[in-house]
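Please read these numbers as outputs of a predicted model, since none were measured by experiment.
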Amino acid sequence: MAPKSNKKARSAIDEIVSREYTIHLHKRLHGVGFKKRAPRAIKEIKKFAEKAMGTTDVRVDSGLNKHIWSKGIRNVPFRVRVCLARKRNEDEDAANKLYTLVTHVPVESFKGLQTVNVDAES
């Protein structure tokens, strides 16, 4: 049996952090019917943010929503660059202490972009 380590488990509660990701929506929407593509894209972005940031409360910014729907319900952009910001919940009686805010980051090209940690001030 492996020896037990004394390291504490990493908790999402301690870290207020922002990261930029590129989400490949085209592969996540493969096989989805035309009239469900944009709504499913929003769900897939929420699912991605929940997995990446470890919070169940995910909020999508209206600018990102407008970008996803900009070409209509059927023609969702193939890729989208987003900023995931884990923030403290100001509401005292909220179920979750943290939430994730997902905002759109406009880029010219997706070539060569990687995940980037963003400073807290922005």
Side-chain angles (χ1 to χ4, degrees):
M1 219 165 112
K4 292 186 178 181
S5 62
N6 292 336
K7 291 182 182 177
K8 285 191 176 183
R10 288 189 55 198
S11 173
I13 297 171
D14 301 336
E15 300 178 34
I16 307 299
V17 69
S18 295
R19 291 191 202 108
E20 280 188 12
Y21 291 93
T22 301
I23 302 177
H24 189 174
L25 291 174
H26 192 60
K27 72 175 184 183
R28 289 175 166 84
L29 297 176
H30 177 72
V32 177
F34 278 157
K35 293 298 181 181
K36 295 187 171 120
R37 286 175 83 83
R40 175 69 76 84
I42 298 296
K43 287 179 188 139
E44 291 292 333
I45 290 170
K46 284 186 173 187
K47 193 165 91 175
F48 178 88
E50 190 173 325
K51 184 177 177 189
M53 289 304 208
T55 62
T56 53
D57 187 5
V58 177
R59 302 172 191 181
V60 176
D61 184 48
S62 61
L64 174 60
N65 193 44
K66 278 193 172 40
H67 177 70
I68 296 295
W69 284 84
S70 63
K71 293 168 31 175
I73 196 167
R74 304 189 323 177
N75 302 314
V76 176
F78 281 5
R79 285 180 174 82
V80 65
R81 186 78 173 169
V82 294
C83 179
L84 303 183
R86 190 187 302 132
K87 298 186 174 189
R88 290 205 185 282
N89 215 338
E90 301 297 328
D91 195 13
E92 292 292 324
D93 49 323
N96 305 319
K97 290 187 175 138
L98 296 172
Y99 69 93
T100 301
L101 181 64
V102 188
T103 54
H104 178 238
V105 179
V107 291
E108 291 293 318
S109 170
F110 294 101
K111 303 282 185 192
L113 289 177
Q114 294 187 333
T115 299
V116 178
N117 282 330
V118 181
D119 294 334
E121 307 98 48
S122 35

At their closest point, which heavy atom of [X] faces which heavy atom of [Y], and how far apart are they?
{"X": "Val82", "Y": "Val105", "answer": "C-CG2, 4.0 Å"}
{"X": "Lys71", "Y": "Asn75", "answer": "CB-O, 3.0 Å"}
{"X": "Ala38", "Y": "Gly72", "answer": "CB-O, 4.2 Å"}
{"X": "His24", "Y": "Arg28", "answer": "O-NH1, 3.1 Å"}
{"X": "Ala49", "Y": "Thr100", "answer": "CB-CG2, 4.3 Å"}

How many angstroms lie between atom [atom1] of [X] and atom [atom2] of [Y], to the nearest 0.5 angstrom?
{"X": "Arg37", "Y": "His30", "atom1": "CZ", "atom2": "NE2", "value": "9.5 Å"}
{"X": "Leu25", "Y": "Ile45", "atom1": "CG", "atom2": "CD1", "value": "5.0 Å"}
{"X": "Asp57", "Y": "Arg86", "atom1": "CG", "atom2": "CZ", "value": "13.0 Å"}
{"X": "Asn89", "Y": "Thr55", "atom1": "CG", "atom2": "OG1", "value": "10.0 Å"}
{"X": "Leu84", "Y": "Thr103", "atom1": "CG", "atom2": "OG1", "value": "8.0 Å"}

field: Same cluster (ILVMFWY, side-chain, under 4.5 Å), Leu29 and Ile23
entry: yes
- request: Spell out, yes or no, whether Ile42 and Val58 are grouped together once hydrophobic residues are joined by side-chain heavy atoms under 4.5 Å, including indirect joins.
  value: yes
task: Go through the steps to decide whether Ile68 and Val76 satisfy the test side chain to side chain contact (heavy atoms under 4.5 Å, CB included), and finish with yes or no.
output: CA-CA 6 Å; Ile68 296 295; Val76 176; 4.2 Å; yes
message: Could you walk me through whether Glu50 and Thr56 satisfy the side chain to side chain contact (heavy atoms under 4.5 Å, CB included) test, starting with their C-alpha distance in whole Å, then the side-chain angles of each, then the deciding distance to 0.1 Å, before giving a yes or no?
response: CA-CA 6 Å; Glu50 190 173 325; Thr56 53; 4.1 Å; yes
message: Can you list everything that forms a side-chain hydrogen bond (donor to acceptor under 3.5 Å, both in side chains) with Tyr99? Sequence neighbours excluded, please.
response: none
message: For the backbone of Thr22 and the side chain of Arg79, can you confirm whether one donor and one acceptor N or O come within less than 3.5 Å of each other?
response: no
query: Under 4.5 Å between any side-chain heavy atoms of Ile73 and Pro39, yes or no?
result: yes
message: Looking at Phe78, I want to see if its CZ is surrounded by more than 12 non-hydrogen atoms of other residues, nucleotides or ligands under 6.0 Å.
response: no
- prompt: Is the His67 ring parallel, tilted or perpendicular to the His104 ring (thresholds 30°, 60°)?
  reply: parallel
message: For Lys47, is there an ion pair with Glu44 - N to carboxylate O distance below 4.0 angstrom?
response: yes
- request: Could you give me the CA-CA distance, side-chain angles and deciding distance for Leu98 and Met53, then say whether side chain to side chain contact (heavy atoms under 4.5 Å, CB included) is met?
  value: CA-CA 10 Å; Leu98 296 172; Met53 289 304 208; over 6 Å; no
field: Any residue meeting salt bridge (Lys or Arg N to Asp or Glu O under 4.0 Å) with Arg81, in chain and number order, not counting sequence neighbours
entry: Glu20
Working for side chain to side chain contact (heavy atoms under 4.5 Å, CB included), residues Leu101 and Arg59: CA-CA 5 Å; Leu101 181 64; Arg59 302 172 191 181; 4.2 Å; yes
